[in-house]
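Side-chain atoms are counted along with the backbone in the values below, which use heavy atoms only and exclude waters and symmetry mates. First listed ligand is number 1; within each ligand, the first listed atom is number 1. Given the structure is predicted, the values throughout are model-derived calculations rather than measurements.
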Amino acid sequence: MIKAGIVGGTGYTGVELLRILTLHPEVEVAAVTSRADAGTRVDKVYPSLRGYCDVVFTRPEIENLRDCDVVFFATPNGIAMTMAEALLALGIKVIDLSADFRLQDSAEWEHWYGVEHACPELIGEAVYALPEVNRAAIRAARLIACPGCYPTAVQLGFLPLLEHGLVDVGNLIADCKSGVSGAGRKAELSSLMSEAGESFKAYGVAGHRHLPEIRQGLRRATTEGVGLTFVPHLTPMIRGIHATLYARLTKSVDLQSLYETRYQDEKFVDVLPAGSHADTRNVRGSNRCQIAVHQPQGGDVVVILSVIDNLVKGASGQAVQAMNLTMGLDEFIGLELVPLYP
Ligand SMILES: NC(=O)C1=CN([C@@H]2O[C@H](COP(=O)(O)OP(=O)(O)OC[C@H]3O[C@@H](n4cnc5c(N)ncnc54)[C@H](OP(=O)(O)O)[C@@H]3O)[C@@H](O)[C@H]2O)C=CC1
Ligand SMILES: CC(=O)N[C@@H](CCC(=O)OP(=O)(O)O)C(=O)O
């Protein structure tokens, strides 16, 4: 059995990792950390896990993680980068759900995250874990940077167009909506149901930290300069991301077939029948991205609808997919999660 540790087990992505890993046939959850709940049983804090997890929360210290084969960081930005080196030195693989190792340019990272990077020397080694793009590199990695939630939905939606050179990559638009769980479990005024529950608004229009991450991912699929307008919105739902993507076509092809062919071997990307409208509720709790392809009135604008559950394919599910790859397991094991409906 693979011994897994979770740093930050009380947050939304942490408890989602627990939901997936406690039923994973090849994994034993060996350590889960929380500063606030150290000393308390996990199933006391999360009674939904009674009978599945008898582990006690410990403090986020290397000593408490040294028996693990792999450690997930489900922590705010800035934590994994202070602990990764010590874990790697012990032969422990590191899978970071935060943004510490997502950007390959440390100066760009420091610009967007507003702090000095604690171990820039490891950035070059980190593998950005979007399995549909680079599963071979993930298999060989010991330090894994999981993509952000918006970047997962946007990249999976745009990539087939860029890979085939079909659109004006200088003028891409990603109009995205997220549920409130995207902001994490910490107490924050804007996430309160009484604040977000009856409201719909854009944020980060001037520049959101996922912009450089998406741009970096898209650049790998094209030799042309990428120009992207990315506008995130907060919607009154709990889970889910809906990305509406726009691009101007420079060539005429059967887009539906193109997407179906690109993703035909990808278990976690589902291209919907022509004319469909992707709906976040159909991926809630599952590790799938559903994509719908539209070319309104047969014109030269392509509209892609891409939906994921931000906590699963946008975070913990994708992290376990990466763990399966890097630990030499079947990529899909433990991730056959049928969506919750409604
Ligand atoms: N929510 C989402 O949809 C997505 C989140 N992510 C990323 O995943 C990470 C976790 O997000 P999320 O689960 O939403 O966050 P939460 O705020 O819900 O949880 C954060 C967790 O980290 C722990 N923590 C906080 N500060 C520290 C610290 N200094 N040292 C060690 N542990 C700490 C907290 O426990 P305690 O304070 O008790 O130690 C808690 O368990 C973030 O980096 C986020 O950007 C990625 C994709 C999607
Ligand atoms: C609704 C909401 O607030 N979403 C978060 C993004 C989700 C997240 O946790 O960011 P990462 O994917 O980079 O880890 C935000 O916009 O800051």
Worked check of salt bridge (Lys or Arg N to Asp or Glu O under 4.0 Å) between Glu195 and Lys201 | CA-CA 11 Å; Glu195 298 283 328; Lys201 64 168 187 179; over 6 Å; no
N/O separation below 3.5 Å, [X] to ligand 2:
X      : result
Cys149 : yes
Arg209 : yes
Glu213 : no
His208 : yes
His210 : yes
Gly182 : yes

Hey, looking at [atom], which of [options] has the closest heavy atom?
atom                    : options                      : result
atom 35 (O) of ligand 1 : Asp96, Thr10, Ile6, Val45    : Thr10
atom 5 (C) of ligand 1  : Thr13, Asp37, Val7           : Thr13
atom 7 (C) of ligand 1  : Leu97, Asn310, Thr152, Leu17 : Leu97
atom 9 (C) of ligand 1  : Thr75, Val180, Val15, Leu311 : Thr75

Do Glu213 and Tyr128 have side-chain atoms, one donor and one acceptor, less than 3.5 Å apart?
->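 Yes.
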Does a side chain donor of either Lys177 or Thr235 reach within less than 3.5 Å of an acceptor in the other side chain?
-> no
Quick check for you: to the nearest 0.5 Å, what is the distance between [X] atom [atom1] and [Y] atom [atom2]?
X      : Y      : atom1 : atom2 : result
Arg284 : Leu340 : CZ    : CG    : 5.0 Å
Tyr246 : Asn171 : OH    : CG    : 15.0 Å
Leu234 : Ser199 : CG    : OG    : 7.0 Å
Gln321 : Leu329 : CD    : CG    : 12.5 Å
Leu245 : Leu305 : CG    : CG    : 8.0 Å

If we set the cut-off at 4.0 Å for heavy atoms, which region of [X] has an atom near ligand 2: side chain, backbone, both, or neither?
X      : result
Arg102 : side chain
Asn310 : neither
Ser178 : side chain

Among all the protein's non-hydrogen atoms, which is closest to [atom], and how far away is it?
atom                    : value
atom 2 (C) of ligand 2  : Tyr203 OH, 3.3 Å
atom 3 (O) of ligand 2  : Ala183 CB, 3.5 Å
atom 38 (O) of ligand 1 : Ser34 OG, 2.8 Å
atom 19 (O) of ligand 1 : Gly11 CA, 3.1 Å

Going by the atom numbers of ligand 2, which of them fall below 4.0 Å from some non-hydrogen atom of [X]?
X      : result
Leu234 : 1 (C)
Gly148 : 12 (O)
Gly179 : 1 (C)

Pull out every atom of ligand 1 sitting under 4.0 Å from any heavy atom of [X], numbered as shown with elements.
X      : result
Asn77  : 43 (O)
Tyr12  : 13 (O), 18 (O)
Arg185 : 16 (P), 17 (O), 18 (O)
Ala315 : 47 (C), 48 (C)
Gly184 : 14 (O), 18 (O)
Pro60  : 31 (C)
Gly182 : 1 (N), 2 (C), 3 (O)
Gly9   : 41 (O)

Applying a strict 4.0 Å limit to heavy atoms, is Ala74 in contact with ligand 1?
->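 It does, in that a heavy atom of Ala74 comes within the 4.0 Å cut-off of ligand 1.
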Residue among Arg139, His24, Glu331 satisfying side-chain hydrogen bond (donor to acceptor under 3.5 Å, both in side chains) with Asn324 | His24
Please name the residue in the list Glu132, His164, Glu163 that meets the side-chain hydrogen bond (donor to acceptor under 3.5 Å, both in side chains) test with Arg262.
->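 Exactly one option meets the side-chain hydrogen bond (donor to acceptor under 3.5 Å, both in side chains) with Arg262, and it is Glu163.
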Minimum side-chain heavy-atom gap [X]-[Y] below 4.5 Å:
X      : Y      : answer
Val283 : Asp270 : no
Ile304 : Leu161 : yes
Gln256 : Val271 : yes

Within-shell test, Pro151 vs ligand 2, heavy atom, strictly < 4.0 Å = no
Indicate whether atom 44 (C) of ligand 1 is within a distance of less than 4.0 angstrom of some protein heavy atom.
->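 Given the 4.0 Å limit, the answer for atom 44 (C) of ligand 1 is no, no protein heavy atom qualifies.
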Any N or O of Ala36 closer than 3.5 Å to N or O of ligand 1 | yes
Heteroatom proximity flag, Arg102 to ligand 1, N/O under 3.5 Å = no
Under a 4.0 Å heavy-atom limit, does Pro76 contact ligand 1 with its side chain, its backbone, both, or neither?
->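 Near ligand 1, Pro76 shows its backbone as well as its side chain.
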So, does Lys93 use its side chain to make a donor-acceptor pair with the main chain of Thr326 at under 3.5 Å?
->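 Yes, the answer is positive, given that a donor and an acceptor are paired below the 3.5 Å cut-off.
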Would a line drawn from the ring center of His117 to the ring center of Phe101 be shorter than 6.0 Å?
->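 Yes, close enough.
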Check the pair Arg248, Asp168 against salt bridge (Lys or Arg N to Asp or Glu O under 4.0 Å), reporting the backbone distance first and the verdict last.
-> CA-CA 6 Å; Arg248 195 163 291 279; Asp168 172 7; over 6 Å; no
Hydrophobic cluster identity match, Val307 and Phe158, side-chain contacts under 4.5 Å | no
Do Tyr150 and Val133 sit in the same hydrophobic cluster, where Ile, Leu, Val, Met, Phe, Trp and Tyr count as joined when their side-chain heavy atoms come under 4.5 Å apart?
->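 Tyr150 and Val133: one cluster.
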